[in-house]
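Basis for what follows: all heavy atoms, side chains included, without hydrogens, waters or symmetry-related copies.
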Amino acid sequence: MEKKPFVPGPRRPNNAAPARRGDRNAPNNKDPYATNERIRAKEVRLVGDNVEVGVYPIQQALRIAEEQGLDLIEISPTAEPPVCKILDYQKFLYQQKKRQKEQKAKATKVVVKEIRFGPQTDDHDYNFKLKHAVGFLQEGAKVKAYVFFKGRSILFKEQGEVLLLRFANDLEEYGKVEQMPVLEGKRMIIMISPKKK
């Protein structure tokens with residue numbers, strides 16, 4: 001196969017701005033929302049307390065915002081037509097940040113504690129592990145209990161399932177089953193999450 005000679009393409013001058021990916025009218029990284037003249041739609045749907053909800057030509061929507069001394073903010077650019085609100089932009093950004101902070105605080109980290117059984121776990125060992133599981137659930141952690149089958153013990157998978165179902169039943173007061181026993185390779189797993197107080 002014959003090689004084609006390399007032909008260089010047009011060179012970009014050193015002071016030329018690098019090519020930008022995506023929509024050049026999209027809001028920049030500093031401003032997550034398009035506002036006022038940066039909104040590129042011909043018409044927008046206005047929503048909010050201080051305006052009659054409906055679809056308006058962009059010029060009319062901008063005029064309404066200006067009359068109120070506020071900003072036109074595109075809150076849902078992918079909608080058809082885009083959805084906008086008339087608000088003070090700085091106040092709007094502050095409220096958004098505050099809301100995100102609150103959501104982060106509510107989304108507490110979920111801790112998962114593992115408890116391992118053999119297919120023929122005796123009662124003493126079972127009760128010891130059950131006590132631990134109760135403690136974990138009371139602390140708000142999820143419990144991932146599993147029966148590990150070594151070698152030929154996989155023949156006792158029904159026994160493992162019975163053990164896990166008994167375990168879930170004994171923890172009924174403290175947690176609810178999130179996932180019934182499932183066999184994953186050499187392990188049969190059950191997930192139990194704490195009951196909300």
Side-chain angles (χ1 to χ4, degrees), residues 20-23 26-35 45 47-49 73-80 82-85 87 89-197:
R20 283 171 53 185
R21 288 167 54 176
D23 179 15
N28 64 25
N29 291 344
K30 288 176 191 162
D31 288 328
Y33 300 91
T35 55
R45 180 179 303 279
V47 297
D49 309 326
I73 306 166
E74 189 178 51
I75 55 168
S76 183
T78 53
E80 200 53 57
V83 179
C84 293
K85 267 188 174 181
L87 297 163
Y89 188 53
Q90 293 308 315
K91 194 176 174 184
F92 172 73
L93 283 180
Y94 171 74
Q95 287 171 341
Q96 291 294 98
K97 276 184 186 164
K98 197 175 165 188
R99 197 172 298 141
Q100 283 172 347
K101 244 185 194 173
E102 284 169 7
Q103 284 174 343
K104 243 185 197 173
K106 281 181 190 170
T108 51
K109 211 173 177 189
V110 177
V111 180
V112 179
K113 300 282 191 177
E114 288 192 359
I115 293 181
R116 176 180 162 161
F117 292 102
Q120 287 153 342
T121 302
D122 63 36
D123 282 347
H124 172 72
D125 198 19
Y126 173 84
N127 290 328
F128 178 74
K129 289 178 179 184
L130 183 69
K131 205 165 88 180
H132 275 290
V134 168
F136 295 149
L137 290 168
Q138 285 176 332
E139 288 166 14
K142 284 186 178 185
V143 172
K144 178 183 186 176
Y146 64 93
V147 177
F148 186 75
F149 300 101
K150 265 194 255 171
R152 292 176 57 111
S153 69
I154 196 81
L155 299 170
F156 301 107
K157 61 176 182 264
E158 286 80 17
Q159 222 172 315
E161 189 174 359
V162 168
L163 178 74
L164 290 176
L165 289 172
R166 174 185 163 202
F167 187 66
N169 196 40
D170 290 344
L171 290 171
E172 204 173 21
E173 207 178 307
Y174 307 97
K176 61 178 187 296
V177 176
E178 201 174 90
Q179 176 192 307
M180 290 307 272
V182 205
L183 191 63
E184 289 178 11
K186 292 186 173 189
R187 291 177 176 199
M188 185 172 279
I189 301 166
I190 193 167
M191 284 293 284
I192 300 164
S193 52
K195 279 191 172 170
K196 296 215 167 34
K197 288 166 189 169

Pairs under 3.5 angstrom only: tabulate donor-acceptor contacts from the side chains of residues 164-177 to other protein residues two or more places apart or in another chain.
unit_1	atom_1	unit_2	atom_2	d
Asp170	OD2	Tyr126	OH	2.6

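- Closest approach of Pro194 and Ala141 over heavy atoms only: CD-O, 3.5 Å.
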Counting only pairs under 3.5 Å, give me each side-chain donor-acceptor contact of residues 111-119, with atom names and distances, residues two or more places apart or in other chains.
none

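- Partners of Glu178 by side-chain contact (heavy atoms from CB on, under 4.5 Å), not counting sequence neighbours, listed by chain and number: Lys142, Met191, Ser193.
- To the nearest 0.5 Å, atoms SG (Cys84) and CD1 (Ile73) are separated by 9.0 Å.
- Here Lys98 contributes atom NZ and Gln103 contributes atom CD; the two are 13.5 Å apart, rounded to the nearest 0.5 Å.
- Scanning all heavy atoms of the two residues, the minimum distance from Asp122 to Asp125 falls at OD1-N, 2.8 Å.
- Counting heavy atoms from C-beta on, the side chains of Val182 and Ile189 never come closer than 4.5 Å.
- One finds the CD1 atom of Ile192 at 13.0 Å from the NZ atom of Lys144 (value rounded to the nearest 0.5 Å).
- Between His132 and Phe128, the angle of the ring planes goes over 60°, which puts this pair in the perpendicular group of the 30/60° scheme.
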